Amino acid sequence: MSVAVDSKPNILLIMADDLGIGDIGCYGNNTIRTPNIDRLAKEGVKLTQHIAAAPLCTPSRAAFLTGRYPIRSGMASSNEYRALQWNAGSGGLPVNETTFAKVLRQQGYTTGLIGKWHQGMNCESHSDHCHHPLNHGFDYFYGMPFTLMNECQSTENRRLNALVQAKYWLYSQIIALTVLTLLIGKLTGLFLVKWKAIICFALCGFLFFISWFSSYGFVKYWNCILMRNHDISEQPMKLEKATSNVLKEAVSFIERNKHGPFLLFVSFLHVHIPLVTTEKFLGKSRHGLYGDNVEEMDWMVGRILDAIDKEGSKNNTFTYFTSDHGGHLEAQKQNTQLGGWNGIYKGGKGMGGWEGGIRVPGIFRWPGVLPADTVIDEPTSLMDIYPTVAHLAAGIMPQDRVIDGRNLMPLLQGKVQHSEHEFMFHYCGVYLHAVRWHQKDSGALWKAHYTTPIFQPEGAGACYKSGMCGCFGEDVTHHDPPLLFDLSSDPAEIKPLSPDTEPLFDTVISRIERAVQEHRQTLTPVPQQLSGYNNVWKPWLQPCCGTFPFCWCDKEGDSDRKFFNQGKNRETVKQLVT
């Protein structure tokens, strides 16, 4: 096997959304069929301790793109809104952050993002696109600037601020009932109230209703949109076409840039609820709609890999597959599970410290450079992709900021036996919930939990009543001394250690606390992108295809006709997406 890299490779990064590590065959699942992802692992390197920097979409992806903990860029929240809520919010990945796409573009790479973004759109106007992918180093963008949500499919099982919406509905009903009571009382002579007072109260109630329903009542139009570069192509987007559109665009990008070098980030909408799945895969798995969606995603991975192979680029392409965080345990409809399985690991999406929310798949393939059928148990991070691809492209990383990721190539190639990560910090928003310490001299892997979520109901393993575990306040338990686990012998975090059962307890806790102090000294205050103001719907920031508020269009039909009339592309894409 040759380990020399004579030219810049193409780079293909594939990220699933909300996929549990226990949902994939090569990570132990024997009931969901994932042959293409399994083949990727068989032909390359599989990481077993690959860790997301956050257990939710927005902060995890910000860390992935920048190689930095989200708290450094302001993409970590101190309130209950831990991910971006609106396309028309003003928060997002700051313009002064340098993504790996920017680094690679400076080295002559053509860069593309297909699929989900969820890092913000605008700052001051509906078209300034300050947070847009094209303003963060990507030459081409096709996909959702936001994320899938139940509201994109129907008005049932609303997920966006469901409790807030319920309160607003209640207040609106109370106001309407009060106005009706006053009106009846006035007409029957029961109340001595002036018409002016009734009209004023009714007008205030109407304005209150309009002020909140104008945002929450039209979520499908405000958030569920499809863009090509800066242009909106569908508003609202047609979910039934999403799979074929994403796949078609990924294959087309590979074809257009087959002479390379290119960076393609395929950011799947799968397997996030509402689990939009084509008829071809419905009812095919043993795990209902969720299993169907996972198997369809695996098929998409296979078609993208086939496109690489067809262009003769397999041996010159560095390929990576992962998920942004763990499976969503609370995603349920009645008695049907709509979220993923995190294997033996406790917890899931939204939980800052427990392994189930942050341990994700990490698979690499580069024939002739990386060994095949290899498993590495060392702690690694999604943030490591940044310095790794920068190294492959001979790029220069920013020198004016802390980069928390580490170049993985020596570890992947077997040149070193240990990860460069000694300490890893597990945040829930801006709150530090846990820390792991890889004690390299002894091989021990310690993890201390300072804060853990309170499960609902007690002992359930998730927060089923609220739909997502909280990070602070009454939703968590603080531990002093911290809960301590040795992940090398107890990866499921079942048996917390104590001074009585672990002679090194005090020594380990003391060393971890010193590492926390050193880490916090590297943090500098930055504007919070997920603050209350940045995370509310602002009409003047709303991306709109048309004249606001009449925002709807479908330009995909025209683009489809143009696309399939491009000669060679027509036949190739038809073969790969069917």
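Quick caveat: nothing in here was measured; it's all calculated off a predicted structure.
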Quiz prompt | Ring center gap for Tyr140 and Phe262 short of 6.0 angstrom | solution = no

Exercise. Kindly indicate, with the supporting measurements, whether the criterion side chain to side chain contact (heavy atoms under 4.5 Å, CB included) is fulfilled by Thr66 and Met75.
Key: CA-CA 11 Å; Thr66 64; Met75 296 293 275; over 6 Å; no

Quiz item: Would you say the side-chain atoms of Ser60 pair up with the backbone N or O of His325, donor to acceptor, closer than 3.5 Å?
Solution: no

Exercise. Please state whether the rings of Phe364 and Tyr320 are parallel, tilted or perpendicular, taking 30° and 60° as the class boundaries.
Key: tilted

Self-check item: Donor-acceptor contact below 3.5 Å, side chain Trp366 vs main chain Asn315
Solution: yes

Exercise. Please answer whether the main-chain N or O of Leu226 pairs with a side-chain N or O of Gln235 as donor and acceptor at a distance below 3.5 Å.
Key: no

Exercise. Verify whether one side chain among Trp537 and Gln542 offers a donor that lies under 3.5 Å from an acceptor in the other.
Key: yes

Quiz item: Is the NE2 atom of His287 crowded by more than 12 outside heavy atoms at less than 6.0 Å?
Solution: yes

Quiz item: So, the side chain of Asn534 versus the backbone of Gly89: is there a donor-acceptor pair under 3.5 Å, distance only?
Solution: no

Practice problem: Would you name the heavy atoms of Leu148 and Pro274 that are closest together and state the gap between them? | Solution: CB-CD, 4.1 Å

Quiz item: What are the two closest non-hydrogen atoms of Gly405 and Pro387, and how far apart are they?
Solution: C-CG, 3.5 Å

Quiz item: Any salt bridge (charged side-chain N to carboxylate O under 4.0 Å, His left out) pairs touching residues 64-74, not counting sequence neighbours?
Solution: Arg68-Glu97, Arg72-Asp404

Quiz item: So which heavy atom on Pro491 is nearest to which on Ile344, and how close?
Solution: CG-CD1, 3.9 Å

Quiz prompt | Between CD1 on residue Ile254 and OG1 on residue Thr317, distance to nearest 0.5 Å | solution = 8.0 Å

Exercise. State whether a side-chain donor-acceptor pair under 3.5 Å links Arg406 with His421.
Key: no

Quiz item: Within the distance-only criterion (no hydrogens, no angle test), does the side chain of Arg82 pair as donor or acceptor with the backbone N or O of Gly350 below 3.5 angstrom?
Solution: yes

Quiz item: Is His50 close to Arg359 at the side-chain level, that is, under 4.5 Å between some pair of heavy atoms?
Solution: no

Exercise. I would like to know whether Lys238 and Asp554 meet salt bridge (Lys or Arg N to Asp or Glu O under 4.0 Å); could you show each step before the answer?
Key: CA-CA 9 Å; Lys238 292 179 172 60; Asp554 180 8; 2.9 Å; yes

Exercise. Grab the two heavy atoms, one from Cys152 and one from Thr147, that are nearest each other, plus how far apart they are.
Key: SG-O, 4.3 Å

Quiz item: Roughly how far, to the nearest 0.5 Å, is the CE atom of Met237 from the CG atom of Asn223?
Solution: 12.0 Å

Quiz item: What distance do Gln153 atom CD and Asn150 atom CG have between them, rounded to the nearest 0.5 Å?
Solution: 7.5 Å

Quiz item: So with a 6.0 Å cut-off around NZ of Lys42, is the heavy-atom count from everything else above 12?
Solution: no

Quiz item: What closest approach, in Å, do Gly352 and Ile358 show between heavy atoms, and which atom pair accounts for it?
Solution: O-CG2, 4.0 Å

Quiz prompt | Salt-bridge present (Lys116, Asp17; N to O < 4.0 Å) | solution = yes

Quiz item: side-chain hydrogen bond (donor to acceptor under 3.5 Å, both in side chains) with Thr111: which of Asp139, Thr99, Asn257?
Solution: Asp139

Quiz item: Got Phe64 and Ile385 here, is their nearest side-chain heavy-atom distance under 4.5 Å?
Solution: yes

Quiz prompt | Met300 side chain near Val246 side chain, heavy-atom distance below 4.5 Å | solution = yes

Quiz item: Is Glu378 reaching over with its side chain to a backbone N or O of Leu411, donor-acceptor style, under 3.5 angstrom?
Solution: no

Exercise. Indicate whether the side chain of Thr34 and that of Asp38 have a donor and an acceptor atom separated by less than 3.5 Å.
Key: yes

Practice problem: Please tell me if the side chains of Leu19 and Val294 come closer than 4.5 Å, counting only heavy atoms from C-beta onward. | Solution: yes

Exercise. Could you check Cys553 against Cys545 for disulfide (SG to SG under 2.5 Å), going step by step and ending with a plain yes or no?
Key: CA-CA 6 Å; Cys553 66; Cys545 187; 2.2 Å; yes

Exercise. For this output row, return yes or no: ring centroids of Phe146 and His118 closer than 6.0 angstrom.
Key: yes

Quiz item: Between His270 and Glu296, is any side-chain donor less than 3.5 angstrom from a side-chain acceptor?
Solution: yes

Exercise. May I ask you to decide if Phe425's main-chain N or O and Tyr69's side chain share a donor-acceptor pair within less than 3.5 Å?
Key: yes

Exercise. Applying side-chain contact (heavy atoms from CB on, under 4.5 Å) between Thr319 and each of Leu264, Val301, Leu40, Ile304, report the one that passes.
Key: Leu40

Practice problem: Please round to the nearest 0.5 Å and tell me the distance separating atom CG of Leu329 and atom CG of Asn342. | Solution: 5.5 Å

Practice problem: Could you tell me whether a side-chain N or O of Asn535 sits under 3.5 Å from a main-chain N or O of Ala83, the two making a donor and an acceptor? | Solution: yes

Self-check item: Derivation of the side chain to side chain contact (heavy atoms under 4.5 Å, CB included) call for Phe100 and Leu13
Solution: CA-CA 11 Å; Phe100 54 65; Leu13 309 176; 3.6 Å; yes

Exercise. Tell me, with the steps shown, if Trp117 and Phe141 meet ring pair (Phe, Tyr, Trp, His ring centres under 6.0 Å).
Key: CA-CA 9 Å; Trp117 175 237; Phe141 169 62; 7.0 Å; no

Quiz item: Going by distance alone, is a donor N or O of one side chain under 3.5 Å from an acceptor N or O of the other, for Gln456 and Ser466?
Solution: yes

Exercise. Dump the intermediate steps for side chain to side chain contact (heavy atoms under 4.5 Å, CB included) on Phe455 and Met351, then the final yes or no.
Key: CA-CA 10 Å; Phe455 294 144; Met351 304 182 206; 3.7 Å; yes

Quiz item: What is the distance from atom CD of Gln49 to atom OG of Ser419, rounded to the nearest 0.5 Å?
Solution: 9.0 Å

Quiz item: Are Leu289 and Thr336 side-chain neighbours, meaning at least one heavy-atom pair lies under 4.5 Å?
Solution: no

Practice problem: Please report the C-alpha distance between Val266 and Phe253 in whole Å, then the side-chain angles of each, then the deciding distance to 0.1 Å, and finally whether the side chain to side chain contact (heavy atoms under 4.5 Å, CB included) criterion is met. | Solution: CA-CA 10 Å; Val266 181; Phe253 184 92; over 6 Å; no

Quiz item: Is any side-chain heavy atom of Glu556 closer than 4.5 Å to a side-chain heavy atom of Arg228?
Solution: yes

Quiz item: For Asn29 and Asp23, does a side-chain donor sit closer than 3.5 Å to a side-chain acceptor?
Solution: no

Quiz item: Is any side-chain N of the basic residue among Lys349 and Asp18 closer than 4.0 Å to the acidic one's carboxylate O?
Solution: yes

Self-check item: Non-hydrogen side-chain atoms of Glu493 and Leu487 separated by less than 4.5 Å
Solution: yes

Quiz prompt | Nearest-0.5 Å distance that lies between atom CD1 in Ile308 and atom CD in Glu255 | solution = 10.5 Å

Quiz item: Do the non-hydrogen side-chain atoms of Glu295 and Asp292 ever get within less than 4.5 Å of each other?
Solution: no

Quiz item: Quick one: does Asn79's side chain have a donor or acceptor within less than 3.5 Å of a partner on Leu530's backbone?
Solution: yes

Quiz item: Do you know the tightest heavy-atom contact between Glu151 and Val219?
Solution: CB-CG1, 3.6 Å

Practice problem: Please check if the side chain of Asn245 supplies one atom and the backbone of Lys241 the other of a donor-acceptor pair under 3.5 Å. | Solution: yes

